[in-house]
Amino acid sequence: MPELPEVETMRRGILPALGSRIVDIQKPRCRVKPIEVTPPPAEFRRRAKGQSICAIQRVGKRVVLRLDSDDTIVFEPRMTGLVLVADPPTLAHLRFRLDLEGGPISQILFWDRRGLGNVRLLSPRQFDQQLGPDKLGPDPLEIDADELRDRFKTSRREVKTALLDQRAIAGIGNLYASEILHRAGIHPQKHCNRLNVEAWNRIHAATLEVLNEAIRYEGSTLSDGTYRNAQNDPGGYQHHHRVYARAGQLCSTCHDQTIVRIVQSQRSTFYCPACQPKRRRARLT
DNA sequence: CCCCAGTCCTGCGGGC
DNA sequence: TGCCCGCAGGACTGGG
């Protein structure tokens with residue numbers, strides 16, 4: 001499930017396409033239901049053809065290609081989407097192709113097993129409407145602890161659920177929310193408005209540590225094997241998860257308690273009851 | 001503002 | 001061996 005580290009890895013994998021020119025786009029027919037591509041291929045092709053890629057960015061969990069025309073091409077992988085320069089895992093789920101010339105990469109592919117993702121070509125105005133600050137919060141790697149706290153401190157929501165709100169901050173998903181709170185030593189069911197400055201400082205530091213470490217390992221490829229980098233190679237951060245999908249296993253940090261799985265907002269949360277106590281531990285002596 | 005349930009979609013694994 | 005069902009959780013929507 002691509003979150004910030006996986007999408008950032010995809011972005012880095014297609015950086016060699018910077019400066020290349022788009023010569024064509026294709027929406028291959030495949031046996032599964034087609035994904036959303038907007039606008040339809042004819043208009044998409046007309047507006048993209050001949051354009052050079054002048055920037056390759058990430059906005060939350062999306063990869064964004066900026067074109068000379070000021071239009072953008074946005075890849076949104078959602079659950080199972082991949083942005084590839086190598087051969088895709090299966091041909092049946094290849095959803096979109098950009099043909100390039102003038103650089104080392106001849107094509108960028110969008111592959112998506114479940115097909116919940118999408119590819120869009122957006123005008124500057126559409127970009128602001130769909131990916132602007134009204135829709136997406138800042139990047140968690142770009143803000144300081146004070147801004148992080150300001151964005152959540154009055155919320156009565158449980159902190160793990162709140163971290164998934166892309167309007168508050170954009171890029172954290174279900175996996176990294178659990179990992180971040182474990183690293184910060186914060187119980188996932190604590191309410192945001194009950195956390196003090198020191199707690200937010202710890203969440204901020206843990207966010208930087210976990211996300212940057214995950215980027216260094218090129219993201220997490222879970223047991224279903226779906227996530228791949230642009231070269232179709234798996235990531236390595238799954239070997240460093242401390243809580244995610246480890247229910248029943250001994251906590252690798254405290255070696256005292258086993259990891260617990262609970263459900264919040266219909267999503268799995270994993271935490272360690274010893275490292276992430278619900279109440280502040282009573283002062284001893 | 002907040003929260004929940006339902007929706008999209010496919011492949012996989014458990015149970016019978 | 002085959003079939004059904006639940007599950008995974010990104011983003012979005014409608015209703016309370």
Side-chain angles (χ1 to χ4, degrees), chain A residues 1-10 27-28 30-38 58-64 74-83 88-96 110-120 122 126-127 129-132 134-137 139-140 150-181 188-194 211 214 219-228 235 238 241 243-247 261-270:
Chain A
M1 63 288 277
E3 305 180 25
L4 186 153
E6 290 76 26
V7 178
E8 176 62 19
T9 302
M10 295 176 194
K27 188 183 176 189
C30 44
R31 71 181 166 80
V32 288
K33 191 164 190 266
I35 63 158
E36 177 190 349
V37 172
T38 53
R58 179 182 54 76
V59 176
K61 301 174 191 172
R62 297 148 171 102
V63 175
V64 174
V74 179
F75 297 100
E76 184 174 338
R78 301 237 180 143
M79 293 298 293
T80 54
L82 300 176
V83 177
T90 62
L91 235 38
H93 306 91
L94 181 60
R95 312 293 190 148
F96 185 84
F110 187 76
W111 179 94
D112 189 350
R113 179 159 54 72
R114 281 169 65 179
L116 299 177
N118 60 71
V119 180
R120 296 171 196 205
L122 302 178
Q126 288 174 315
F127 184 91
Q129 286 169 350
Q130 297 182 28
L131 303 183
D134 288 351
K135 291 288 174 67
L136 293 174
D139 195 282
D150 283 346
R151 291 189 157 265
F152 292 104
K153 65 185 180 189
T154 62
S155 170
R156 292 187 298 215
R157 310 165 82 177
E158 294 175 349
V159 59
K160 190 269 189 168
T161 304
L163 287 175
L164 301 180
D165 182 352
Q166 303 298 297
R167 302 171 99 105
I169 49 170
I172 294 174
N174 201 51
L175 191 164
Y176 291 103
S178 283
E179 291 295 324
I180 287 166
L181 290 176
Q189 289 177 310
K190 287 276 255 185
H191 294 265
C192 289
N193 60 355
R194 306 295 299 273
L211 296 181
S220 301
T221 299
L222 302 181
S223 54
D224 72 357
T226 299
Y227 166 71
R228 304 276 157 160
Q238 64 278 8
H241 293 173
V243 289
Y244 187 80
R246 299 179 68 91
R261 174 187 180 271
I262 58 173
V263 174
Q264 294 176 277
S265 303
Q266 290 127 277
R267 275 142 218 232
S268 296
T269 300
F270 300 89

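Each chain gets a letter, A, B and so on, in the order its sequence line appears, and its residues count up from 1. Just so you know, these numbers use all the heavy atoms, side chains as well, and skip hydrogens, waters and symmetry mates. A quick note: this is a predicted structure, and the numbers were derived from the prediction, not measured.
When the P atom is compared between B:dG6 and C:dG6, the two are found 13 Å apart, to the nearest whole Å. The P atoms of C:dC5 and B:dT7 are separated by 15 Å, rounded to the nearest whole Å. To the nearest whole angstrom, the two P atoms, one in C:dT13 and one in B:dC9, are 16 Å apart.
Candidate nucleotides B:dT10, C:dA11, B:dC9 were compared by shortest atom distance to the side chain of A:H93, and B:dT10 ranks first. Nearest nucleotide to the side chain of A:M79, out of C:dG9, B:dT10, C:dC12: C:dG9. Candidate nucleotides B:dT10, C:dA11, B:dC8 were compared by shortest atom distance to the side chain of A:L116, and B:dC8 ranks first. Of the candidates C:dA11, C:dA8, B:dC2, the closest approach to any side-chain atom of A:E76 belongs to C:dA11. In the set C:dA8, B:dC8, C:dA11, C:dA11 carries the atom at the smallest distance from any side-chain atom of A:R78.
Inter-residue side-chain proximity for A:Q189 and A:T269 is flagged as unmet; no heavy-atom pair is nearer than 4.5 Å.
With respect to the salt-bridge test (charged N to carboxylate O, under 4.0 angstrom), the residues A:D112 and A:R78 do not qualify.
Using a 4.0 Å heavy-atom criterion, one finds that A:R120 contacts no nucleic acid atom at all.
Paired with A:T80 under the rule side-chain contact (heavy atoms from CB on, under 4.5 Å), one option of A:H93, A:R113, A:M1 passes, and it is A:R113.
Computed from coordinates, the A:L164 CG to C:dG10 P distance equals 7 Å when rounded to whole Å. As rounded to whole Å, 12 Å separates atom C1' of C:dG10 from atom CD of A:E6. A straight line from CZ of A:R95 to P of B:dT10 spans 7 Å, rounded to a whole angstrom. Computed from coordinates, the A:Q129 CD to C:dC12 C1' distance equals 17 Å when rounded to whole Å. Atom CD1 of A:I35 and atom P of C:dC12 are 15 Å apart (whole Å). Rounded to whole Å, the distance from CD1 on A:I262 to P on C:dG9 is 13 Å. Between the CG atom of A:D165 and the P atom of C:dG10 there is a distance of 13 Å, rounded to whole Å. In this entry the distance linking CG of A:L222 with P of C:dG9 reads 8 Å, nearest Å.
Residue A:K61 places at least one side-chain N or O under 4.0 Å from the OP1 or OP2 atom of C:dA11. Listed pair A:R157 / B:dC3 meets the phosphate criterion, a side-chain N or O lying under 4.0 Å from OP1 or OP2. Between C:dG9 and A:Y244, a contact under 4.0 Å exists linking OP1 or OP2 to a side-chain N or O.
A distance of 12.5 Å separates CZ in A:R194 from CD in A:E158, rounded to the nearest 0.5 Å.
Although no hydrogens or angles enter the test, the distance criterion places no donor-acceptor pair under 3.5 Å between the side chain of A:Q266 and the main chain of A:Q264. With hydrogens and angles ignored, the 3.5 Å screen pairs no side-chain donor or acceptor of A:E3 with any backbone N or O of A:K61.
Residues A:E158 and A:G115 both approach DNA chain B. Their nearest nucleotides, taken by heavy-atom distance, put A:E158 toward the 5′ side.
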Practice task
With side-chain contact (heavy atoms from CB on, under 4.5 Å) as the test, would you mind laying out the steps for A:E76 and A:I35 before giving the verdict?
Solution key: CA-CA 11 Å; A:E76 184 174 338; A:I35 63 158; over 6 Å; no
Close N/O contacts between protein and nucleotides 4-7 of chain B (under 3.5 Å):
residue	atom	partner	partner atom	Å
B:dA5	OP2	A:Q266	OE1	3.2

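Between A:F96 and A:F75, the ring planes are perpendicular. Angles over 60° get that label, and only those under 30° would be called parallel.
Checking B:dC9 for Watson-Crick or G-U wobble geometry (two distances, each under 3.5 Å) identifies no partner in any strand.
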